[in-house]
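One structure below.
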Amino acid sequence: MAEVHLDIDGRKICVEEGVTILEAARKAGIDIPHICYEERFSPSSSCRLCVVEVKGVENLVASCSYPVREGMEVKTNTERVKKARRVVLELLISNHPLDCMTCEKSGDCLLEKYAYELGVSSSRFQGERINYPVITDNPFIERDNTKCILCGRCINVCSDVQQCEVFDFARRGFNTQISTGFDKPLTETNCVFCGNCLSVCPVGALVERERKSKGREWEFKKTTTICPYCGCGCQITLHTKDNKVVKVTSPPDAPVNLGWLCTKGRFGFEFINSSDRLTHPLIKKNGKFKKASWDEALGLVASRLKKIKEKYGADSIAGLSSAKCTNEENYLFQKFMRAVVGTNNVDHCARLCHSSTVAGLARAFGSGAMTNSIGELAKADCILVTGSNTSETHPIVALQIKAAVKNGAYLIVVDPRKIELTQFAHIWLRQRPGTDVALFNGIMHVILQEGLEDTEFIKKRTENFELFKKTVKDYPPEKVEKITGVPARDIIKAARIYAKAEKSSIVYAMGITQHTTGTDNVLTLANLAMLCGKVGKESCGVNPLRGQNNVQGACDMGALPNVYPGYQSVEDESIRGKFEKSWGVCLPVKPGLTVVEMIHAIEENKIRAMYIMGENSALSDPNATRTREALKKLDLLVVQDIFLSETAELASIVLPAACFAEKEGTFTNTERRVQKLHKALNPPGEAKADWEIICNLSQKMGYPMQYEHPAQIMKEIALLTPIYGGITYSRLGKEGLQWPCPDPSHHGTRYLHREKFTRGKGRFHSIDYKPPVELPDEEYPLILSTGRVLFHFHTGTMTRRVKGISQIYPEGMVEINPQDANFLDISEGEIVKVISRRGKVKAKVKITDKSPPGVVFMTFHFVESLANILTIDALDPVAKIPEFKVCAVKIEKLQG
Amino acid sequence: MAKFSKIEELEAYREYLLEKRCTEKKRVRICMTGCRAFGAQEIKDKLIEEIEASGLSKKVEVVPTGCQGFCARAPVMVIDPDDIFYQQVTPSDVKEIVSQTLVKGKLIERLLYKEPLSNKPIPHTADVPFYKEQVKIVLRRCGKIDPTRIDDYLINEGYRGFERIFKEKFSSQRVIDEIKASGLRGRGGAGFPTGLKWQFTKDSSGTPKFIICNADEGDPGAFMDRAILEGDPHSVIEGMLIAGYAIGAREGYVYVRAEYPIAVEHLKVALSQAREYGIIGENILGTGFSFNIRIKQGAGAFVCGEETALIASVEGRRGMPRPRPPFPAQSGLWGKPTCINNVETLANIPYIMLKGAKEFAKLGTRDSKGTKIFALAGKVKNTGLVEVPIGTSLRKVVFDIGGGPPAGRKFKAVQIGGPSGGCVPERYLDLPIDYDSLKKIGAIMGSGGMVVMDDNTCMVDIARFFLEFVQDESCGKCVPCRVGTKRMLEILVRITRGEGKPEDIQLLEELARVVKSASLCGLGQTAPNPVLSTLAYFKDEYRAHVEDKFCPACSCENLFVSPCQNVCPVGIDIPGYIELISQEKFSEALEVIKKRNPFPAICGRVCHHPCELKCRRGEIDEPVAINALKRFVSDYAREKIKPRVHLSTPSKKEKIAIIGSGPAGLTCAHYLARWGYSVTIFEALPATGGMLRVGIPDYRLPKSILEEEIFSSVESLGVSIKTGVKIGKDITFNELFNLGYSCIFIAVGCHVSRKLNIPGEEIKGVLDGVAFLKAINLGQHQKLGSKVVVVGGGNVAIDAARSALRLGTDEVIILYRRSPQEMPAIESEVEAAKHEGVKFHYLATPIKILSSNGKIKGLECVRMRLGGYDESGRRRPVPIPGSEFFLSADSIISAIGQMADTSFLPSSVKKTDWGTIWVNPGTLATSKEGVFAGGDAVSGPATVIEAIASGEKAAISIDRYLKGEPLERLPEVRKKYFELTDLIEVEPSPEKRVKMPCLSLKERKKGFKEIELGLSKEEALKEAKRCLRCDIEKMRGGS
């Protein structure tokens, strides 16, 4: 970029070409008042408060959008400018209710701020004032158009950032107002209730409904911490008063989310102050829970664990750690299981989501994590999204993808479901569920056939190419079309786009991993990226989107049966030695059991006791009936949670935990970014942070763990985990650090495999297509696919306790294609039975072409219509991940 | 028709068409676009039917055309090749047109246009002034060809400009250079150089590029773009093709409002024909150049004329502007380089490409070349579309082509550029119209809307009207436009309702400037123009509304009951007394008049009656003879009723001195005496009446009437009049206070003539007009010789001239330095003078008086021409060097103006730079406590009724002063003094205005007998019934 020299208020300034006067002035420390301008989205230049004088230009210009020119002379504070600004404010005030004393926005209002700064307390322009009723047509956002100053920020955010285009200006002249199309209630638009509009509203026109009358802006304690929902790792600011969360915002400079949030992040906090929270330890006596003291409860857990270990051996005990807990807690949990209990039977729900990623990418690249960063997506030239309903499951990542498309990038969506991103896609490949390997082999066939591969990269940086090439030869597009149902011409088109773009990035999630061929699927994507040399480079890579806020961290911390923290194999003697030395105990040699294997082992009486920290296996695991029965069979089930979950209900002892807002620690998001939590509230009753509970229990078990603060735990982690080697609390500022960060001088790693792959050379795998285990037949003619929806999270323990969310999305539904619905003679809203070989559930019908014909879709958020009663527990042989995405079902009418 | 695949094929086809064309055939061209609303369709159908019936089908062709421009005369038709112009044709005329004109070649006189003054028929289009003065480049085919036939276009040079590019192998840059050289500027309004815009778009990186034709004509009243699209759509297509070639675009859009169905239809037809011929599409005429055009219909939002809003609308978004830069040339439609040109701009392109830049640039001014089309509307006779070279004066467009305002109305201003434009006052009528000159005076060229306003247009209300429009059309995005124009509108509404606050004008101006400079797009930036320009040129009107609650144009509903009453300086309830007259209640009628005017008999004779100028009846035929009715009532009462005069004496102790017994002094005395004050009038002359007596000759106001009314309205109330007492000589001014007068009203009038200041003025026989009249009126007759020259153009000059005639001179000449339009004398008086034989010599001024032996020989004069406008808003006379001439005369009367003699006043009574007495205009208080002044001594020479008004105002102030009340009072809207109880809805009489019976010319010359004889009772009753009673409507509507 060329440099431009200009003069602002007599100061000589040199800035990059293309910046605006306002930006240039800001750089020079000159503050120009502005209301509609927001640096995170395109300016609308509507408020006219930022006007300045430019020599040679007759009218005043809006500095927020006027680009600098060489030799330009700008005056930001002349009498003419000041007068214009004052008149603008007077005009705004002449049509604005001056009810600041009761306005929720007071103290954080830009109109108030500038009126104060420019000393405009009244208006000489008296006349008509608009007066509209407050719009309260949805549970989250209240719109008071009487207070609206029509700056257009909400419109711009919705169209530029969220790209939902819910709002626009309506009517004309003085009567102009912002409204939805045809003034429909927000619930009838495609509003996703991200609330990003209200986050940028400069006045009190848009406010959170829940925060009303709960305090003035200046009364709130503001604590910036990390969102407890998905793996995006958004920073959120909890506004609290009297130990209650009043509202959630996000700092505009948050590294991942730039201040944008999704509906869960912004409005899904009610669970924190829920009266359902566990406040005391509970011990089940005669089938009923009784309150107990910590001493009593932990004493009981310790003694019973010791007994079972003595009787059946350490490997008869298994533990599930939690992707919702901090790194420190996961570290302590696996340390507890390994060092105190003495078993490697420790796993967590990553098994159910991305174990195939961890396995697959480790084999191909040497490291099982997102290769690149979320922020790089917006700069990609091509993004291939497959098996990820990004807009619903990782809404903030979806913003980056949409931004990329807005910037001109190609978007290829590969998904059987007509997800929101298909609207933005240049090409959408709708494959049959479970045919991913064939499809990507087909794409790679085309690339090789057309010579679009990166031979240089392949030669220098990879191995095993020839064998792979041979396999792929068998997948010409026409043949692939037959397997996948994707037209050959689309396969060719997608191949060309992906291969030819300079920066192509692959984004995937559980549509790829939750298959019996999950590891194969991941390896195939790795093959594709290596084939075109789109890995180890900025805005490229293979990017698995992790589902839970700290699932990456839980894996990193070794809450896995085969590795210690930092993916260090339990079978490697020297590594084991390092841990034994540090922890002062002898450690088990054999890798432990995985999640589903544990359940199966209970049936075989191999597992007698389980310690589950913050997981709801009864709902989240496949073949739920079987899981439930197994859990019931245990001699001892200890559940440590914030609610009495469906799993906790089965426990013998329940330990009350503090939630994310009530403790310190770190989370690692999907892009390997380690970020600090900050305590905003005190836990309810006697609930304690999970790490404290583990420490106390360990103490009782005769293995003292003495940590004053999670920071000390991190010190130990860093010592033992090379990829976290340089991470200390003091270094985790606002931005956090992305691992690998091997030493205290390392600044973290934005994208992996830059010079070389973690494993040295990238390895091609030769993968053949294998069909899913259970395919539809005459009896069970439909494929069931499962997943999440935007408004709910996981087993619903948190989101279902949020009133607004429950209003918007109250119950589980089965999505079915109109064609199938027609064939089965079922109608929208009807309750039907969905039956698989493993069980049946009732669910409400939603007829939608989002599901392809022959495929139905359900979630596992609702215990009342739990998809996992139906799912199959067939496992991927390598990663042991169940095939959540494909099983055979039938649908029956209720009366039939 | 097969596609042409080569240029040569198209050329050959054109040749073929030209050869085939039958020149013997008569062509009847009928406007089938604008004139459709006036029944053109029916006329055309009938015409075809009749032609067939008469077996003329082979000899006559009926050609439906686009607009022919002269919309005021719709429906219009032209018969070629004879160029016969028929106007306001009706279906019933068709038979005759066929049988007479088409068969026999005879003209039908009633259908011909007539020269307004002489009423002489003008048979040929080429001679009709409306057409004669125009220069048609863009519209040269419009109204001539059938727009739905591409062949008509082809034989009229169609697509030859485009062909030339390829025949002469123009590179795209050379095309742009040609357009640059032509000096063509955007006709959409801002006047950006078209070639430069093309260059920017061509040079912008990014593909594809687009051409957009902006046919979103939003200015109310402007319809040239519609006319071009309707009447000559191919010219726009050809323009777009050339533009597309030049900038490297393959695709074009025409953004046209859906309210233009005929334009859309004709454009669609034209596009499909062009496509069929291979003129648009892929590989056009084998040149390798491809170009397609799509139509995008807009919903008719004014703001969509703004480029960026238009782009948003084409893209399917709400038509809202965005900040510029980036300009559309850099980032336009779908973010690609886009060139947006207006319809008229594009329609100029083929001409430039065909004839060359040089030829085009022959027309126009230095900085603006070519022609501009104006849509002439409003208070002008010849409304319609007018194309003239840029730089033509407004006067030529409004008066020569437009015919000026309708009869009896006075031109006031012209709004140029639609709602975003500005009001241009009379003083700029000679301004050459171009982009820059208009901008300098606060208007804009805009799309060329030109709305003419006359004296019945209230400039505040006009500003309000345009503001209402822009506020309605504001997209609402930016604060200054959304809220600012609303607040401006509210202020204007307030002012027009008479609720304006003193600070409003300044607030309005301040706000307007901020809205102009700080708004986001052109709409907001120009929205204040109507306000700012009317504030600049008509601030007095604003002030009148705010300070006096007075709307001089009689337009603002809330501020008056009836126009006649509104403009009467004393606010007589005119409709009230006319109603009483029609009911034969004459004395009641007189009472109504006397409530506001103590001198009905005098005013009934000499008032310049501004009421009649505003009389609504005047818009139908002629105004009601209000003044004559007033005179009738007073005469009737005097003769038939002979009301008893009640003598009264003062009841209050305060004494008031009034200096001067003219109308102002007498009125003031009248009111003060009525309120019980003791009043003494000091009159320097030997007789009472001031100018009424010594300025107005007997033939207009007989002494007996004057004396009688002074007695009955003043003296009988106990007012003492001391004649022959000159303040400053007989008594000093300050002595008056010592004599016990608590208040003094100075109403000394203007009795001192201005000097000619030329050599020879001192010679005997050079008379001063005022002194001359005074002498006559005081009975001193003087000898003038046989030839008299009166210098001046005011009322004194006319009175002097007419008096001179009556003194037995043979020839009286009035020498006036300006033209008749600028003459300040009452028009009816001028007419009467002419009637009596006074000769007028305009545009000449004396420079020297020649004499021999002390006897006048005559005047050396010089001819003048009118130059620029002076402070008074009149054009300044400028001597023409070398035009000197001699005018013989025996006597010369100089009547070039009068001044007040204020030499007697102490310095504590301040004077103005004009020599008049300074007063607070609201209270008439002078700078000295207890001293008030009014009449001509304050205003300079004015009218009787204004002096009366001023006398009343002074009386009220004096009364308040003496009561110790604050002098300033709130103005009030004039009310009816006569309450209507029984309203009988009577149809106004259709009769023509009654003619005032007058003395014969022969009788007049004999002496100073009153000329006007007054109305008879019957005439008065008849005349009174002509009143339209606009007051009733208002009263009803208002109550």
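So that the names make sense, note that chain A is the first sequence line, chain B the second, and so on, each numbered from 1.
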Quick check for you: among [options], which has the greatest number of heavy-atom pairs under 4.5 Å with chain B?
| options | result |
| --- | --- |
| A/G152, A/C151, A/S94 | A/S94 |
| A/V61, A/V51, A/L92 | A/L92 |
| A/C47, A/A62, A/S44, A/C36 | A/S44 |
| A/S42, A/P43, A/C64, A/P67 | A/P67 |

[X] versus chain A, heavy atoms under 4.5 Å apart: side chain, backbone, both or neither?
| X | result |
| --- | --- |
| B/E503 | neither |
| B/K477 | both |
| B/M320 | side chain |
| B/V479 | both |
| B/R482 | both |
| B/S519 | backbone |

Without hydrogens or angle criteria, can the side chains of B/T526 and B/N529 be said to hold a donor-acceptor pair below 3.5 Å?
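Not at all, the side chains of B/T526 and B/N529 share no donor-acceptor pair under 3.5 Å.
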
Would B/Y542 and B/T534 count as having a side-chain donor-acceptor pair, cut-off 3.5 Å?
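There is such a pair (donor and acceptor under 3.5 Å, judged by atom type) between the side chains of B/Y542 and B/T534.
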
Top contributor to chain A contacts, counting heavy-atom pairs under 4.5 Å, from B/T485, B/L511, B/V493, B/D472
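That would be B/L511.
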
Ion pair [X]/[Y], N-O distance below 4.0 Å:
| X | Y | result |
| --- | --- | --- |
| B/R257 | B/E217 | no |
| A/R86 | A/E90 | no |
| B/K549 | B/E499 | no |
| B/E490 | B/R494 | no |

What part of [X] lies closer than 4.5 angstrom to a heavy atom of chain B: side chain, backbone, both or neither?
| X | value |
| --- | --- |
| A/V88 | both |
| A/D168 | side chain |
| A/R171 | backbone |
| A/Q126 | backbone |
| A/A84 | both |

Quick one: pull up OG in A/S123 and CG in A/N95 and give me the separation to the nearest 0.5 Å.
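Here the rounded value is 10.0 Å.
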
Side chain A/K105, main chain A/L206, donor-acceptor under 3.5 Å:
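Not confirmed, A/K105 side chain does not pair with A/L206 backbone.
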
State whether A/F167 and A/R143 meet the cation-pi test: NZ (Lys) or CZ (Arg) under 6.0 Å from the six-membered ring centroid, and within 45° of the perpendicular axis.
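Because its charged atom sits under 6.0 Å from the ring centre and within 45° of the axis, A/R143 does stack over A/F167.
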
Ring pair (Phe, Tyr, Trp, His ring centres under 6.0 Å) contacts in which one or both residues fall within residues 462-483 of chain B, not counting sequence neighbours:
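Qualifying pairs: B/F302-B/F469.
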
